[in-house]
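Numbers restart at 1 for each chain; the letters A, B, ... are given by sequence-line order, proteins then strands.
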Amino acid sequence: MTSVTVTLPDGSQKQTASGTRIGDFVRDSIGPGLAKAAVLAKIDGTSVDLSRTLDTDTRLEIVTTKAPEALETIRHDAAHIVADAVQRLFPGTQVTIGPSIENGFYYDFDRGQPFSEDELAQIEAEANRIIAADLPFKRTEVSPAEAIALFDGKGEKFKVEIIQDIVAKGATVLTLYSHGEWVDFCEGPHGPSTGRVGVIKILSSSAAYWRGDHRNKTLQRIYGTAFFDQKGLDAWLKQREEAEKRDHRRLGKELDLFHFHPYSPGAAFWTPKGTAIYTILSAYMRKLALGNGYVEIKTPLLYNKGLWETSGHWGKYKENMFLVEDSAAKAAGDPDPHHYSLKPMNCPSHHLYYGFRKQSYRDLPLRLHTQDVLHRNEAAGALGGLTRVRQFAQDDAHIYCREDQIADEVKRFTTLLDKVYNAVGLTYVAKFATRPEKRIGDDAMWDRAEASLKTALDGLGLAYELKPGDGAFYGPKIDFDVSDSIGRKWQLGTIQLDYAAPERFDLSYIGEDGKEHRPVVLHRAIYGSFERFIAILIEHFAGAFPVWLAPIQVAVVTVTDRVNDHARTVVDRLAAAGVRVSFDDGNGMMKAKVRDASLQKIPYTIVLGDKEVASDEVSVRTFGAADQQKMATMPFAAFVEKVVAEARFP
RNA sequence: GCUGGCGUAGCUCAACCGGUAGAGCACCUGACUUGUAAUCAGGAGGUCGCGGGUUCGAGUCCCACCGCCAGCUCCA
C-alpha cells in the first residue's frame, strides 16, 4: 500500500494510506472534534466532498461549519433535500435547478399548480424528516449516456436538457449526487450527510421562468433557508424582523413622510416632512456640486422624438418612455401622433445644451449638474415603494472632457462620493465593470476607455472588484455598492465613460491646435435617485435621522397650558434660527406628548414648565441616547447653538 | 408584462358555513393643568378598491378591471 503526504494549512504534514477518504483521515489523523465540524475540504484550493479520497500528495484544508462557504454548501444540500421532499409528497413533479443564494436557496419545479401554504408546511416537515434520517450524500461519476438514460427514464425532461447542454459544451464525465433514493445531476460539492444540514425553513414560493426567460415555461419556485442549528435560524429570523421594522414603506407611514395613490402608481406624494428630507438632500448635493466645479442647469421635461432618435433611446428604450400625443398631428390623421416623450434621462438634454455654443478646450471639463424630474415607464410588477418608481429625480451630472482628463475627473468624483457616503455613515465598495458582449464601438475604443478608468481607479488607492462584461453598452463604468447599518447592500453611485454619445450628438471642442476634437462624456451620480436614496436612508437610520436631515429637529412640550405662550416664543426663536421645530399645544398630558415625539424619532424634545420659563432654560431629552430618559437642563441660547451646529451640512 | 397572494374607517386589524360592518389608535368637543413613553368622558368617521354577475339576500361566491405585496423580468 502506498502512502501519501498531506500538508495542512499550518504547514504540518501527515502520512496516510493512499485511497483514504478525507473524512476518515480527518477523524483518525486530526481529531473527532474537527471531523464533526467538517462540512467540506479543499484540495489545493478547490472545494471537494469529504468522501473524496486522498490519492496523491495533497495540500488539504478542512472547511468547518464556521466558514461562510459551509453555510452555502448546506443550503445547496437543503435544496436537494427539499426537491426530494417535494417529489416524495407530489409524485410527477419535475425538478429543474436549485442553487444556494445569498440568504438561503431555491428550487424550481415544473408542476401544474402553485404550492399552497399548506403544502409548503408539509414540504418543510418532510425536509426536516430527511435531515433527521441523516442520509449520506453520495457522489458518482457517470458518462453522459448513463446520465441521460437515468433522467430520461425518470421523465425528468429539464434535467435531460441541462445535461445535453453541458455535454454539448464538452463535458465527458458527469457527476450525480444522491442521498437515500433521491438522485440529482449536480456538480457539487455537498456536505457529508443530510444530518449536517441542521434545520430547513421554507420561506415562500413564487413563479419563475425556465432559464429566467419569460418566453419559457412558468415554473414554481420554492425559497428556503438552512442553518446548522435552530439558534442560527432564530437569529436570522429575528434580524429579518428588524429589517421589516425598518422597511421604508412602513416607516414612511408611521413617520408621515410620503404617500402613493393608485391614480399615479410609482410616483410619490411627499408630505411636508418627506419634502424636508428631499430638499435638504437636494440642497446638500447642490452645494457640493457648485463647490466642486459643477454648474447647475435646468432643461425641458418634454421632447420631440427627434432627440430620442439621435440619442438612440427611440430604438432601444422606447418601451420605458412615456409617450405624449401631439393633438394637432392626431387631428390631421397622423397614424402615430406620439411625437413627444417625457425624458427618462438627462443626458440627451445635456448633450443638446453642450451644443448651444462653440466649446473650447478652455471650457473643459464642463460639468453639468441637474436634478430634474424624470419619468420611466417601469413594468407594473417592478414597482415597489420608493426604491422602484416611475417618477424620480437623479443627482445627475455629465462631465465633458478630454481623454487625458478622465483619470482626474474620476478622482474628483470619488472624493465627492466618499464625502457624501461618509456623511450618512454608509460604507461602500467599488466595482469596475468592463465591456459587455453587446456593445457599440470598436475594441480600440474599449481598450482606451477601460485603461483610463483603470488608471484612475488604481491611482485612488481604493480597493475594487472586477465585474467583467458588466459595463454599459456604450462604455465601461465604476459602480459603488454601499452597505447600510444592518448589512444590506445597495448599488448606488456610478460613473460611466461614454464615447458613443459625443459621436451621436456630434459634440466637439476647439483644441489648442485650433482644430475640432471630440470630447468624452462621463455620466455620474452619487445618490442615484433621490427617491431610492431616501428609502435607503430611512431604513439605514431606522427613521431616526441625524439632526441635519431630520424633518423635525426639536419637539416642544409644555408641562402646563400656563407656559404655552412662552413655548410659542421659544418655537419662534428656534424657527428664526433655522431650526425645524414642532409644538403640540393640544389637549393631553405631557407624558403622552413626550411619547409622541419619541415615536416620531425627533432628535430633541424640550420640556418647558414654570421653572424653565423663569430661567429661560430648556430641559432637553435626546432621542436615542444610551439612556433615553437622559435629560439635561441648559440655557435656551446654548441649546439653540448646539442644534444649529448639528444641523449644518456635514 | 408574467405567476401567486392580498385590498374592510386616516392607521393597525376583526366580522362563524352568504343574513345587511366593529375595535384600538388617530381626529373633533369638553373636563383635567399635569415634570419626561399613552388622563378621563363624549362625538364624528365606512357605497367593505372599482364595475358587472350568481342569490330572496354578497364584505363573504364568480368574472373583468385598478392598486398593493412576494418573486420572475428590468433597473436609479
Is_stacked (A:Y223, B:G71) at 5.5 Å, 30 deg: no
Nucleotide B:C2, atom C1' - distance to CZ of A:R221 in whole Å: 13 Å
Atom C1', compared across B:G24 and B:A9: separation rounded to whole Å: 12 Å
A:F392 side chain, from C-beta outward: closest of B:U36, B:A76, B:C32: B:A76
Listed nucleotide nearest any side-chain atom of A:S619, set B:G1, B:C66, B:U36: B:U36
Touch class at under 4.0 angstrom, heavy-atom based, for A:L383 against every strand present: sugar-phosphate
Touch class at under 4.0 angstrom, heavy-atom based, for A:G588 against every strand present: base
Distance between C1' atoms of B:G49 and B:A44 (Å, rounded): 24 Å
Sugar-phosphate only, base, or nothing, as touched by A:G385 at under 4.0 Å among non-hydrogen atoms: sugar-phosphate
C1' spacing across the pair B:U55 / B:G19, given as an integer number of angstrom: 12 Å
Crowding at CZ, A:F636 (>12 non-hydrogen neighbours, <6.0 Å): yes
Interatomic distance, A:H261 NE2 vs B:C66 P [rounded to whole Å]: 16 Å
Nearest-nucleotide 5' precedence on RNA chain B, A:T633 against A:F260: A:T633
Sugar-phosphate, base or nothing in reach of A:V389, heavy atoms under 4.0 Å: base
Nearest-Å distance once atom P is located in both B:C50 and B:A58: 15 Å
Cationic N near anionic O, under 4.0 Å, A:E102 to A:K489: no
Strand partner of B:U29, provided both Watson-Crick or wobble distances fall under 3.5 Å: B:A41
Side-chain donor/acceptor of A:R562 to base of B:U33, under 3.5 Å: no
Residue of the set A:K245, A:R250, A:R249 for which salt bridge (Lys or Arg N to Asp or Glu O under 4.0 Å) holds with A:D247: A:R249
Span that lies between the P atom of B:A76 and that of B:G4, in whole angstrom: 30 Å
Sole candidate of A:K238, A:R246, A:R240 that passes side-chain hydrogen bond (donor to acceptor under 3.5 Å, both in side chains) when paired with A:E242: A:R246
B:A76 OP1/OP2 closer than 4.0 Å to side-chain N/O of A:R388: no
More than 12 heavy atoms of other groups within 6.0 Å of A:K601 NZ: yes
side-chain contact (heavy atoms from CB on, under 4.5 Å) partner of A:F480, the single match among A:D418, A:I526, A:L417: A:L417
Side chain A:E378 and base B:A76 donor-acceptor under 3.5 Å: yes
Out of B:U36, B:G1, B:G35, whichever nucleotide has its closest atom nearest the side chain of A:R621: B:U36
Cationic N near anionic O, under 4.0 Å, A:K593 to A:D596: no
Touch class at under 4.0 angstrom, heavy-atom based, for A:A525 against every strand present: nothing
Watson-Crick/G-U partner (both atom distances under 3.5 Å) of B:G22: B:C13
Side-chain N,O (A:K591) to OP1/OP2 (B:A38) below 4.0 Å: yes
Between B:G1 (P) and A:Y209 (OH): distance, integer Å: 12 Å
Main-chain N/O of A:G469 paired with A:T434 side-chain donor or acceptor, under 3.5 Å: yes
Euclidean distance for P, B:G59 against B:G18 (whole angstrom): 13 Å
B:G22 to B:C16 separation - P atoms, rounded to the nearest Å: 14 Å
Sugar-phosphate, base or nothing in reach of A:E612, heavy atoms under 4.0 Å: base
Rounded interatomic separation in angstrom, taking CZ from A:F269 and P from B:G67: 14 Å
Sugar-phosphate only, base, or nothing, as touched by A:M590 at under 4.0 Å among non-hydrogen atoms: sugar-phosphate
Sugar-phosphate only, base, or nothing, as touched by A:D610 at under 4.0 Å among non-hydrogen atoms: base
From A:K273, A:K253, A:H248, residue fulfilling side-chain contact (heavy atoms from CB on, under 4.5 Å) relative to A:F258: A:H248
Distance, rounded to the nearest Å, where A:Q220 contributes CD and B:G4 contributes P: 8 Å
Nearest to side-chain heavy atoms of A:Q394, which nucleotide of B:U12, B:G35, B:A76: B:A76
Touch class at under 4.0 angstrom, heavy-atom based, for A:D596 against every strand present: nothing
Spacing of A:F480 atom CZ relative to B:A76 atom P, expressed in whole Å: 15 Å
Short N-O contact, A:E465 and A:K431, less than 4.0 angstrom: yes
Of the listed nucleotides B:G67, B:U33, B:U34, the one nearest the side chain of A:T560: B:U33
Spacing of A:R250 atom CZ relative to B:C68 atom C1', expressed in whole Å: 16 Å
B:G7: pairing nucleotide in any strand, Watson-Crick or G-U under 3.5 angstrom: B:C66
Nucleotide nearest A:N587 (side chain, heavy atoms from C-beta), chosen from B:U36, B:A31, B:C69: B:A31
N or O in side chain of A:R390 less than 4.0 angstrom from B:A76 OP1/OP2: no
side-chain N/O A:K593 vs B:U34 OP1/OP2, d < 4.0 Å: no
Value in whole Å for how far the P atom of B:C11 lies from CG of A:D256: 11 Å
B:C25 phosphate, OP1 or OP2, under 4.0 Å from A:R595 side-chain N/O: no
Touch class at under 4.0 angstrom, heavy-atom based, for A:R376 against every strand present: base
Under 3.5 Å on both distances, the Watson-Crick or G-U partner of B:C75: none
Among B:C69, B:G67, B:G35, the nucleotide that comes nearest once only the side chain of A:V559 is considered: B:G35
Given RNA chain B, 5'-ward residue of the pair A:S529 and A:V607, judged by closest heavy atom: A:V607
Pairwise C1' distance, B:G51 and B:U39 [rounded to whole Å]: 48 Å
